[in-house]
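So the structure is just underneath, and the comments pick up after that.
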Amino acid sequence: MNVEHINGLKHDQIRAWLKKALNGQETLPRLTPDESHYLGILRVEKSLDPAARKSLWDGARFLLRQFCDRGEGEVPYVQELLSLVSTLKQPETPGMLVGLARQFSALPNISLEVRFAVLGALVDAAPQDTAFWLEILNQDPAKNALLALAGVIAANRPYDALRMLPQMPDSERAGHAAVINLEIAWDGLLTRNRSRFVEEIQKILDQCGQSFAGPIRVWAEKKISSRPSDSNVSLSDALHGALGDEFSPKTHTPKLCLAVCS
Amino acid sequence: MSPEYQQALASLTAINRQAVEQGFASWAGEASLEQVHQNIAGETALPDPDFQSLLNAFADLLGTAGGEPRTCWENACRQHKLRGGVIPPDHCPKLLGRVKNVEEHARAIADASGGGLAFSFVKQILLNPSVADAAAYLGSFLYAAPLGKYNLVWATFDDADSSNCPFQRLPKTRRGIRTALGLGPLDAEESLILLFWDHEKSGSPALHRPTVADAEAHEYYRPCANAAHPWGLTQPLPPNPDGVAPQPEVVMREPTSKGLCLPFQVI
């Protein structure tokens with residue numbers, strides 16, 4: 001189905017098209033044959049005329065509300081829908097997802113994949129306060145802990161995140177995931193505040209399970225030993241200095257680069 | 001039309017042949033599906049019984065399900081995956097590679113982490129060298145993330161020396177890579193991740209020559225005209241200013257990511 005055809009559809013027809021597209025039942029512009037449907041939908045969305053685009057956004061919101069009412073849906077469809085809405089970043093999205101996430105305990109049949117997809121979308125879509133993420137953590141510490149940690153970091157509350165570390169699952173894998181989260185938090189701090197952050201982490205590690213703490217301890221020691229000169233203040237640091245350490249939620253700006261993983 | 005397609009079509013009953021031809025005729029006017037029809041008509045890699053079976057399945061689904069032809073075609077294809085010729089194990093390439101949207105792979109890593117990682121954080125690490133200290137810790141999650149989706153992976157390799165990184169001889173830009181591998185559209189703000197892996201360490205799944213059934217309704221697949229060729233070949237996208245040659249193309253069941261080679265490249 002080409003863009004001109006979608007532009008000619010009525011409001012409800014576009015919603016029906018969107019649902020079919022999320023289920024992989026529409027022709028979409030794909031980079032590769034196995035690409036997720038929502039990426040093709042986003043490419044189509046950019047080419048639509050304003051009225052059709054508005055209908056598509058309304059349709060996405062309708063489908064999200066439908067899903068959030070009961071938390072039901074096939075896992076692949078829900079993952080596609082949540083990927084789409086977390087990219088579109090409509091203002092109503094976080095509220096609907098928060099409402100559903102708070103009901104997880106009352107929805108025993110909701111799959112773990114769907115639960116993770118909802119929490120992941122909340123981390124990505126809009127920052128929530130620490131109290132919300134602590135509520136999610138306490139719902140199921142073994143399963144929700146690391147996404148709750150990520151949620152607090154995404155809301156740019158690195159010291160709140162640090163205080164959550166003793167509640168993380170005691171496994172090396174969880175420690176590796178926590179390092180990735182802490183690195184993101186560290187990266188968002190003023191250069192001059194990074195050492196103190198790492199030192200605070202080191203202090204709290206004694207309260208954590210040792211399997212979990214191991215990778216973080218290694219990471220923290222590396223950070224301390226490779227500490228740069230505090231005199232090299234960047235423009236970003238200066239802005240942070242003027243506006244405060246937790247002045248805004250994190251935004252993630254893709255950079256075209258060679259990512260070297262060693 | 002390829003002789004293989006003509007033969008498969010001729011083997012159908014009159015009713016099924018009519019259904020197939022009507023199904024394809026209904027795609028007229030939609031450029032992407034017209035291209036898919038051309039690909040089917042030009043296919044040479046499907047053995048005769050499989051080509052006949054594919055077209056019969058399409059006709060049956062059109063008749064019994066009364067469904068939309070594109071959906072019927074895709075469902076027929078899903079019953080006929082990995083039917084192209086197999087590269088003998090002792091001739092398999094050592095290194096295979098594929099290209100993904102970086103967002104797609106970041107989601108695969110986050111999903112495979114089982115609630116350990118948020119997509120946006122993974123994407124940030126894949127894209128941003130300033131958080132490279134964390135990249136070492138990403139390793140265990142990288143090796144758990146699938147290389148493809150839907151249990152089927154398309155890959156390329158260097159047919160002059162398959163122990164080379166498959167991307168070594170290809171252009172270094174997103175446009176150049178897309179051209180060489182004949183990939184679909186990409187918006188200006190999207191980035192690509194170039195993944196390559198050791199075939200043996202990833203479980204050595206059988207490598208098949210791709211067919212229209214593997215491609216389903218993906219319009220950018222092109223059948224290789226030489227029926228005897230051991231693997232498929234991409235058709236570089238026009239205008240192909242660098243004159244890049246068609247690249248080898250195979251499909252396989254989802255391998256493990258255990259043989260993934262680092263570093264990977266993001267462009």
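Letters A, B, ... mirror the listed sequences (proteins, then strands); counts begin at 1.
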Can you list the steps and then say if A:I180 with B:L117 is a side chain to side chain contact (heavy atoms under 4.5 Å, CB included)? CA-CA 8 Å; A:I180 290 164; B:L117 297 173; 3.9 Å; yes
Evaluation steps, side chain to side chain contact (heavy atoms under 4.5 Å, CB included), between B:I125 and A:I184: CA-CA 8 Å; B:I125 289 169; A:I184 300 281; 4.1 Å; yes
Take B:Y220 and A:T32, measure what side chain to side chain contact (heavy atoms under 4.5 Å, CB included) needs, and give me the verdict at the end. CA-CA 8 Å; B:Y220 285 84; A:T32 59; over 6 Å; no
Are A:R173 and B:F141 close enough, and set up right, to give a side chain to side chain contact (heavy atoms under 4.5 Å, CB included), and what steps lead you there? CA-CA 9 Å; A:R173 186 175 165 81; B:F141 300 101; 3.6 Å; yes
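Looking at A:E113, there are no atoms closer than 4.5 Å to chain B (heavy atoms on both sides), in backbone or side chain. Both the backbone and the side chain of A:L31 come within contact range of chain B, with heavy atoms under 4.5 Å apart. Contacts of A:A150 with chain B are made by both backbone and side-chain atoms, with heavy-atom separations under 4.5 Å. Using a 4.5 Å cut-off between heavy atoms, A:S83 contacts chain B through both its backbone and its side chain.
Environment of NZ in B:K201: sparse, with no more than 12 heavy atoms of neighbouring residues, nucleotides or ligands closer than 6.0 Å. Residue-environment remark: CZ (B:R78) exceeds the threshold of 12 foreign heavy atoms within 6.0 Å. Shown here is B:R253, whose CZ atom has no more than 12 heavy atoms of other residues, nucleotides or ligands within 6.0 Å. Enclosure of atom CD in A:E74 is not indicated, since only 12 or fewer non-hydrogen atoms of other residues, nucleotides or ligands lie within 6.0 angstrom.
No donor-acceptor pair under 3.5 Å is formed between the side chain of A:R30 and the backbone N or O of B:G184. Judged purely by atom type and a 3.5 angstrom limit, A:D34 has no side-chain atom pairing as donor or acceptor with the backbone of B:G148.
Taking the side chain as every heavy atom from C-beta outward, A:L182 and B:Y137 never approach each other to under 4.5 Å. Counting heavy atoms from C-beta on, the side chains of B:L138 and A:H176 never come closer than 4.5 Å. Side chains of A:F116 and B:D111 form no contact here, defined as non-hydrogen atoms less than 4.5 Å apart.
One distance of note links CG of A:L82 with CZ of B:F119; it measures 12.5 Å at 0.5 Å rounding. Between the OG atom in B:S32 and the CG atom in A:L28 there is a gap of 9.5 Å [rounded to 0.5 Å]. Note: B:R107 CZ to A:Y38 OH = 3.5 Å, rounded to the nearest 0.5 Å.
Under a 4.0 Å N-O distance rule, the pair B:E190/A:R43 qualifies as a salt bridge. By the 4.0 Å N-to-carboxylate-O rule, B:E189 lies close enough to A:K46 to be salt-bridged with it.
In this structure, A:Y77 has no side chain to side chain donor-acceptor pair (under 3.5 Å) partners at least two apart in sequence or on a different chain.
The greatest number of non-hydrogen atom pairs below 4.5 Å with chain A, out of B:G182, B:G114, B:A217, is found for B:G114. Counting heavy-atom pairs under 4.5 Å between each of A:L146, A:N181, A:D124 and chain B puts A:D124 at the top. Between chain B and the residues A:G40, A:G24, A:P33, the most heavy-atom pairs under 4.5 angstrom are made by A:P33. Here B:S140 is the residue among B:A110, B:S140, B:A31, B:A215 with the most heavy-atom pairs under 4.5 Å with chain A. Counting heavy-atom pairs closer than 4.5 Å to chain A, the top residue among B:G116, B:A118, B:P185 is B:P185.
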Residues 149-157 of chain B side chain polar contacts: donor-acceptor under 3.5 Å, at least two apart:
from	atom 1	to	atom 2	distance (Å)
B:K149	NZ	A:S36	OG	2.6
B:K149	NZ	A:E80	OE2	3.4
B:Y150	OH	A:H37	NE2	3.3
B:T156	OG1	B:P248	O	2.6

